[in-house]
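Everything numeric here is computed off the predicted structure, so don't read it as measured data. Lettering of chains follows the sequences in order, A, B, ..., and the numbering in each one begins at 1.
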Amino acid sequence: MSTTKVQGDMIDVDAATVAVVAVGDKFNFLDITDSLVKEDTVQGIVDLVPAGGAWNLIGTSVASSSASLTITGLNSTYDTYAVALADIVPATDTALGWIRFGDSSGIDTGAADYGWGHYGGLVDNTTAGFVGSEDNSDAQILCTHTTGAGSAAGEGFGAMLYLTSPSDGTTLSMITGTTATANPTVADFYNGQLFGVRRNVITMDRILFQFSTGNIASGRMTVWGIAHA
Amino acid sequence: MPRTRNENGIDIPLTAEEEAARDIEDDAGIAALPMNKWKSDISRLDDGMPRWFEDAVTDGSVVLKPGRVKDNYDSKVVLRGEKP
């Protein structure tokens, strides 16, 4: 089979109008399998990108001397939600970080609503010691070490956590993940594995973070729904 | 000036009921700070000497010679005496 190559001059497009490409914009292309010039849209290319696994933003909440941070809008769309607590600083030194869940009627604060376990390592100036704490019947999920988060310069708290069921899930609402606490003036540094559970099945649609005492001076909580397809 | 909570990026003033509930939590949180610190300290010592072993020494089932283990035990005895 012979091939004929044709060389042509490029059209000078320097003076073309600048525009933002939209999904509905059309373009032509030469299909070399049948030598025909064809037409498609930008959406046609987008559709070729495999879907699935995307993190979809549910909401974000930024603290500015706030009593709490809450994200609503969790539902049955996603089976797994990711929760990031970033750059969190308490107004009160050594305050404990708390997580609570809720439904359309509000945040649950009953004395026996939650269970939690916190296991990890303290990093001080002599040894790296394993520490743990738990409570199977509490009014919140403790998400810092028991000495809490520091409020001095550079001190604070952060975590990357996951909710393990959708709002209409069969299992209890559970959260798990890793946490990091800096409080060197009291207990140095702490890295922990967190488990928390709402002890009754609820149609969970919201999550709250607050400290055991005092406001959240600064920081952000963000929630994403993780698509499975 | 009432406190605010941030929900989905929007600052919302606490209601009078929420303020009252938060005041109670704040006071309890402040009162709990010394115990929180003590729990952390005893938990750290538990790593070097579990409670069951400490109890065995206390009731005389185990006799410790001077050294690191006895130092751990003595530290736990002192700390238990300082429990808030």
Side-chain angles (χ1 to χ4, degrees), chain A residues 58-73 90-96 98 106-107 109 118-122 124 126-133 139-140 142 144-148 181 183 186-188 190 206 208-216 219-223, chain B residues 1-54 67-76 78-80 82-84:
Chain A
I58 303 299
T60 190
S61 234
V62 178
S64 178
S65 298
S66 306
S68 63
L69 301 175
T70 301
I71 298 295
T72 67
T92 304
D93 193 39
T94 69
L96 307 180
W98 287 355
I107 295 294
T109 60
H118 214 273
Y119 311 97
L122 269 176
D124 61 21
T126 55
T127 59
F130 174 84
V131 294
S133 53
Q140 61 278 321
L142 176 66
T144 60
H145 180 51
T146 54
T147 47
T181 306
N183 193 2
V186 177
D188 286 325
Y190 176 77
R206 63 196 64 197
L208 171 146
F209 174 84
Q210 68 171 79
F211 281 108
S212 60
T213 185
N215 287 336
I216 307 162
R220 176 190 294 272
M221 178 167 72
T222 304
V223 177
Chain B
M1 181 177 170
R3 284 170 284 200
T4 59
R5 60 188 181 86
N6 189 283
E7 182 172 311
N8 299 322
I10 300 170
D11 288 324
I12 302 169
L14 267 60
T15 64
E17 185 180 73
E18 289 170 336
E19 281 279 359
R22 187 63 191 156
D23 284 344
I24 293 171
E25 282 188 341
D26 273 356
D27 291 344
I30 289 289
L33 293 180
M35 178 59 95
N36 296 339
K37 174 70 166 57
W38 184 85
K39 285 180 177 177
S40 173
D41 291 343
I42 200 73
S43 175
R44 196 184 309 203
L45 290 175
D46 282 343
D47 186 38
M49 173 174 282
R51 180 62 190 264
W52 62 265
F53 188 65
E54 179 189 349
R68 182 178 170 187
V69 177
K70 188 172 188 311
D71 290 346
N72 284 350
Y73 174 80
D74 291 343
S75 295
K76 293 193 79 171
V78 170
L79 191 56
R80 290 202 184 283
E82 296 172 350
K83 186 176 180 179

Please step through side chain to side chain contact (heavy atoms under 4.5 Å, CB included) for the pair A:Thr92 and B:Ile30, ending with a clear verdict. CA-CA 9 Å; A:Thr92 304; B:Ile30 289 289; 4.1 Å; yes
Per-residue contact mode, A:Thr72 against chain B (heavy atom under 4.5 angstrom): both
So, taking the atom named CG in B:Asp27 and the one named OG1 in A:Thr213, what distance separates them when rounded to the nearest 0.5 Å? 7.5 Å
In residues 2-12 of chain B, which residues are in contact with chain A at a heavy-atom separation under 4.5 Å? B:Arg3, B:Thr4, B:Arg5, B:Asn6, B:Glu7, B:Asn8, B:Gly9, B:Asp11
A:Thr146 and B:Asn36 have their tightest heavy-atom pair at O-CB, 2.8 Å
So CD of A:Gln140 and CD of B:Glu25: to nearest 0.5 Å the spacing works out to 7.0 Å
Once you round to the nearest 0.5 Å, how far does NE2 of A:His118 lie from OG of B:Ser43? 11.5 Å
Heavy-atom distance under 4.5 Å to chain B: side chain of A:Thr222, backbone, both or neither? neither
Apply side chain to side chain contact (heavy atoms under 4.5 Å, CB included) to B:Asp74 and list each qualifying residue two or more places apart in sequence or on a separate chain. B:Lys70
Going by side chain to side chain contact (heavy atoms under 4.5 Å, CB included), name the residues that satisfy it together with A:Ser212, two or more places apart in sequence or in a different chain. A:Ala95, A:Leu96, A:Trp98
Does any heavy atom of chain A fall under 4.5 Å from the side chain of B:Leu33, the backbone, both, or neither of them? side chain
Across all chains, not counting sequence neighbours, the side chain to side chain contact (heavy atoms under 4.5 Å, CB included) partners of B:Ser75 are B:Leu45
